[in-house]
Amino acid sequence: MEYGSILLIPLVHEFGHWLAARLFGASLRFRFEWGKYHVPRWTWKWPDVTPLQLKVICLAGFGLEFALIPFMPWQYQVAAVIHFAAYPWYAGETSDFKGMI
């Protein structure tokens, strides 16, 4: 199961975005697409929220991923860090980090 925990990373990441949006009364609709370098991704359109709320929603994906690190096996921990490091490389125009500007 420890290696299976790696499969949780995209679900945890997107759940973080979804949960933060719900806390602000917004909803996100996810769609599957192939990102840069054919990396599979779920993307969402930015909701109509304040700039600060958008920043929180954008941060919530990696925020929840990293918040779970102490409770997860080392395979998840390593994969979460790799996910964070690789994200700017494959996210392209649909990067969550663009909401931070």
Side-chain angles (χ1 to χ4, degrees):
M1 178 55 194
E2 287 81 14
Y3 285 101
S5 67
I6 294 170
L7 299 174
L8 290 175
I9 289 174
L11 299 174
V12 167
H13 182 96
E14 301 308 337
F15 182 69
H17 294 308
W18 179 84
L19 185 60
R22 294 301 301 154
L23 290 173
F24 294 124
S27 62
L28 301 180
R29 299 190 98 181
F30 294 91
R31 70 173 190 259
F32 179 83
E33 64 182 38
W34 292 99
K36 195 173 177 183
Y37 306 107
H38 304 289
V39 174
R41 305 191 58 215
W42 286 284
T43 59
W44 45 275
K45 290 185 178 183
W46 290 350
D48 186 23
V49 294
T50 69
L52 179 59
Q53 291 171 335
L54 179 61
K55 288 179 182 186
V56 171
I57 293 168
C58 288
L59 280 173
F62 283 112
L64 185 57
E65 251 183 81
F66 281 19
L68 291 181
I69 280 180
F71 308 103
M72 299 301 276
W74 71 266
Q75 293 90 341
Y76 174 98
Q77 297 170 2
V78 170
V81 171
I82 291 170
H83 179 220
F84 181 75
Y87 186 79
W89 171 73
Y90 73 81
E93 292 299 313
T94 56
S95 171
D96 299 336
F97 297 149
K98 289 192 174 203
M100 300 306 305
I101 298 172

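Computed from a predicted model, the values in this text were never measured in an experiment.
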For the side chain to side chain contact (heavy atoms under 4.5 Å, CB included) test, which of Glu14, Arg31, Arg29 pairs with Thr43? Arg31
Please name the pair of heavy atoms, one in Trp46 and one in Cys58, separated by the smallest distance, quoted to 0.1 Å. NE1-SG, 4.1 Å
Between CZ on residue Phe32 and CZ on residue Arg41, distance to nearest 0.5 Å: 10.5 Å
Interatomic distance, Trp18 atom CH2 to Trp42 atom CH2 [nearest 0.5 angstrom]: 16.0 Å
Over all heavy atoms of both residues, which pair between Gln53 and Val49 is shortest? Give the atoms and the distance, please. OE1-CB, 3.3 Å
Excluding sequence neighbours, so at least two apart, what forms side-chain hydrogen bond (donor to acceptor under 3.5 Å, both in side chains) with Tyr76? none
With clusters defined by side-chain heavy atoms of hydrophobic residues (ILVMFWY) lying less than 4.5 Å apart, directly or transitively, does Phe30 cluster with Val56? yes
CD-CE distance between Gln77 and Met72, expressed to the nearest 0.5 angstrom: 9.0 Å
Between CG of Leu7 and CD of Gln75, what distance do you get to the nearest 0.5 Å? 11.5 Å
Would you compute the distance between atom OG of Ser5 and atom CH2 of Trp74 and round it to the nearest 0.5 angstrom? 9.5 Å
Taking Ile57 as the starting point, is it possible to reach Leu23 by hopping between hydrophobic residues whose side chains are less than 4.5 Å apart? no
Mind checking the CG-NE2 spacing from Leu64 to His13? Nearest 0.5 Å is all I need. 10.0 Å
Report yes if the distance between the aromatic ring centroids of Trp89 and Tyr37 is under 6.0 Å, otherwise no. yes
Might you point out which heavy atoms bring Pro47 and Ser27 nearest each other, and give the distance in Å? CB-O, 4.3 Å
When every non-hydrogen atom of Ile9 is compared with those of Glu65, the smallest separation belongs to CG2-OE1, 3.4 Å
Taking the six-membered ring for Trp and the single ring otherwise, decide whether the centroids of His83 and Phe62 are under 6.0 Å apart. yes
Connected via hydrophobic side-chain network under 4.5 Å: Phe97 and Leu28: yes
